[in-house]
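Below: one structure, written as structure tokens.
Chain A is the first sequence line, chain B the second, and so forth, proteins listed ahead of strands; every chain is numbered from 1.
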Amino acid sequence: MKILVTAKRVVDHAVRIRVRPDGTGVDKTNARMSMNPFDRHAVEAAVALKEAGRASEVVVLSIGPKAATDVILTALAMGADRGVLIETDAALETLAIARLLAKVVAEEQPDLVLLGKQAVDDDASHVGQMLAALLDWPQATFASALSVDGAALEVTREVDFGRLTQRLPLPAVVTADLRLNTPRNAALPMVMKARQKPLAVRAAAEFGVDLAPRLIIEKVTPPAERQQGPILQSVDELVARLRADLASIEGMT
Amino acid sequence: MSVLILADHDLGQLSPSTARLVTAAQGLGDLHLLVAGQGASALAAAAHFAGVSKILVAEGPDALPTADSLRAALVALAPGYSHIIAASSSLGRDVIPGLAARLGVMPVTDVVEIVAPNRFVRPIYAGNAFEHLSSSEPLHILTVRTSVFTPAPLGAAVPVETLAPLAPGRVTTLRAERSAGDFPDLTSAAVVVSGGIAFGSVEKFAALGDLATALGGAVGATRAAVDAGYAPNDWQVGQTGKIVAPDLYIGIGVSGALQHLAGMQGAKRIVAINTDPEAPLVKVADYALIGDLVEIVPQLIAAFRKA
Ligand SMILES: Cc1cc2nc3c(=O)[nH]c(=O)nc-3n(C[C@H](O)[C@H](O)[C@H](O)COP(=O)(O)OP(=O)(O)OC[C@H]3O[C@@H](n4cnc5c(N)ncnc54)[C@H](O)[C@@H]3O)c2cc1C
Ligand SMILES: Nc1ncnc2c1ncn2[C@@H]1O[C@H](COP(=O)(O)O)[C@@H](O)[C@H]1O
């Protein structure tokens, strides 16, 4: 089985971003960038399948600027076999990303595509589902457990009411949730070795996909600021405040 | 033009977000509600919300329609609609992006405000920024954060049209596990009591359930508390969990990491109980008590438990 896994370079999840005062977007100058956290779980799952003898090759793909080479190197250091960077400086919409991915799938012919369930910058949670639809492959989103059984997958998904365990035939698309596994930190020798692994760089334009955005971002605004209120002195005071709040909630309903 | 609303349900229950979706879609056009999946006809009987002019019913082989079978049905229905709207629930998030890709439309998801039929607001970066988008496409495919909309009331009975059943998907469900607990729906509850890793054990976390019951609320949890096994996954509030917007949110032993704040910033009132006066949740709380939850929680339960 061959696995294609995706990794997006995003503003590190621990960075608290600021909206530019003129409303034109988010200020990312000097922000620390790293691999989308969900994608680290996707890479870990792919590499673990290979280590368990279930997968023969793990190819990691990132779409983004030259600097996205970093997240590919991270995935290679974690154990992926080779990398593909589709280079573009444009901020592509998820539909364009999914269409580029579908082209790569047509070339690479993987049996399984593993993605993160969402990218923590746009918080879209689109690309895996879009890719499955474009390829007409079955999908399992929000995976918290995954096992391969012959030509089928068994996936446990985190859903609104609890958990759903499903079986789907390969080829398939799976998106990783954070409880899928614990991503490894690559040891230094692996980081050194990653630089020797093959990494193909391709221009986004060469795939013949319409990359033009469909949506117009009119402006980006910050959330309403919340003011800190008083620190109460006792449990009795807390009980009194809560009683008042509960009474006003009951008054509304 | 008409608007197609995808009713949200799970394992035989219409979820409270369906009524809120109807409110969100109000004013966009003639509203049709699609109820799809096994038991759809029975669910449709409870879905005559005021403002909906027609209910479409598609029975299906699965209790929960799989993304591929539901997507196929929606693709067939799409012509004739200006908007297709679903909740940004696990059902809506599963099917909507693929539907949009199939139709060559860029979807807009997690919408918190519909400014005009083609102008929407959605959060990005865990709610630390809001994107104001417009689109000139003839079809708008949306998921909506239903917690920010009020539920539409039930109205007079409207015509119900039965469609062809959903085709079976390629995904088979082996097990569906509903988390135990008799609490109100987290995303629509007026009161949410959330706990963090500081509870330290499943047994201690259970006291939070007692407090929630005493307050008539739902229980939420941080990712750390879920990872530790103190709470089921569907209680998680945050960027990767549920989005709640209660009148009253009480965070106990919850630090208020930005990924957690992403899920509850919309609460009308925030209360923090924490040993650390510098915890980020305390900084955004309307009022806070600094102290040990081990002492405070039993006192609160005693104070609010109905005699
Ligand atoms: C991509 C990504 C997505 C994430 N998504 C989510 C999400 O959806 N939801 C979510 O919650 N988190 C999410 N997280 C995790 C998040 O960053 C935090 O790690 C998590 O919210 C912290 O949980 P906590 O508040 O229980 O624990 P901690 O941050 O460890 O805080 C514990 C708090 O308890 C207080 N405390 C300790 N002892 C006591 C006591 N005896 N009495 C009272 N207070 C006490 C401490 O002062 C502290 O404030 C995500 C992280 C990533 C990277
Ligand atoms: N530019 C990109 N490069 C590589 N993978 C991506 C890119 N954008 C999205 N993805 C993948 O798709 C997943 C979902 O992203 P999104 O739909 O944007 O939330 C991410 O976790 C990645 O695995």
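Only the backbone of A:S234 comes within contact range of chain B, judged by heavy atoms closer than 4.5 Å. If you measure heavy-atom distances from A:V235 to chain B, the contacts under 4.5 Å come from both the backbone and the side chain. Heavy atoms closer than 4.5 Å to chain B are found in the side chain of A:D245, but not in its backbone. Looking at A:E154, the atoms closer than 4.5 Å to chain B (heavy atoms on both sides) all sit in the side chain, from C-beta outward. Contact of A:A140 with chain B is not made at all, since no heavy-atom distance falls under 4.5 Å. Contact annotation for A:Q118: only side-chain heavy atoms (C-beta onward) come within less than 4.5 Å of a heavy atom of chain B. Contact annotation for A:D236: neither backbone nor side-chain heavy atoms come within less than 4.5 Å of a heavy atom of chain B. At a 4.5 Å heavy-atom cutoff, the contact between A:V15 and chain B is made by backbone atoms alone. For A:R179, the part lying near chain B is the side chain, with the backbone staying farther off; criterion is any non-hydrogen pair under 4.5 Å. Contact of A:L242 with chain B is made through backbone and side chain together, with heavy-atom distances under 4.5 Å. In this structure, chain A has a heavy atom under 4.5 Å from the side chain of B:L64, while its backbone stays farther away. Both the backbone and the side chain of A:V239 have a heavy atom closer than 4.5 Å to some heavy atom of chain B. Both the backbone and the side chain of A:R243 come within less than 4.5 Å of a heavy atom of chain B.
Of the listed residues (A:T175, A:T165, A:T141), just one forms a side chain to side chain donor-acceptor pair (under 3.5 Å) with A:R157, and that residue is A:T141.
The two residues B:P184 and B:A218 have their closest heavy-atom pair at O-CB, 3.4 Å. Of all heavy-atom pairs spanning A:P138 and A:P169, the tightest one is CG-O, 3.5 Å.
Using a 4.5 Å heavy-atom cutoff, the side chains of A:D123 and B:P123 are not in contact. Looking at heavy atoms from C-beta onward, A:D177 lies out of side-chain contact with A:H41 at the 4.5 angstrom threshold.
Crowding of A:N30 atom CG: a count of heavy atoms from other residues, nucleotides or ligands under 6.0 Å not exceeding 12. The 12-atom threshold is not exceeded at CZ of A:R163, counting heavy atoms of other residues, nucleotides or ligands nearer than 6.0 Å.
Across A:D210, A:V155, A:L246, A:D136, the residue that shares the most heavy-atom pairs under 4.5 angstrom with chain B is A:D136. Across A:Q227, A:R241, A:Q233, the residue that shares the most heavy-atom pairs under 4.5 angstrom with chain B is A:R241. When B:A176, B:S134, B:S179 are compared by the number of non-hydrogen pairs under 4.5 Å with chain A, B:S134 comes out ahead. Contact count versus chain B (heavy atoms, under 4.5 Å) is highest, among A:V26, A:T156, A:L168, A:V10, for A:V26. Contact tally against chain A (heavy-atom pairs below 4.5 Å) for B:L91, B:T173, B:D110, B:D8: the top residue is B:T173. No other option in A:A98, A:G229, A:G162 has as many heavy-atom pairs under 4.5 Å with chain B as A:G162. With chain B as the partner, the residue from A:A132, A:S144, A:A133 showing the most heavy-atom pairs under 4.5 Å is A:A133. When the candidates A:R16, A:R18, A:E237 are compared by the number of heavy-atom contacts under 4.5 Å with chain B, A:R16 comes out ahead.
Atom CD1 of A:I97 sits about 9.5 Å away from atom OG1 of A:T6, to the nearest 0.5 Å. The distance from atom NZ of A:K8 to atom CG of A:D39, rounded to the nearest 0.5 Å, is 9.0 Å. The NZ atom of A:K219 sits 11.5 Å away from the CG atom of B:L133 when rounded to the nearest 0.5 Å. The CG atom of A:L178 sits 5.0 Å away from atom OG1 of B:T240, with the distance rounded to the nearest 0.5 Å.
At a cut-off of 3.5 Å, with distance as the only test, no side-chain donor of B:H9 or B:T18 sits close to an acceptor on the other residue.
The aromatic rings of B:W235 and B:F183 sit perpendicular to each other, their planes meeting at more than 60°, with 30° as the lower class boundary.
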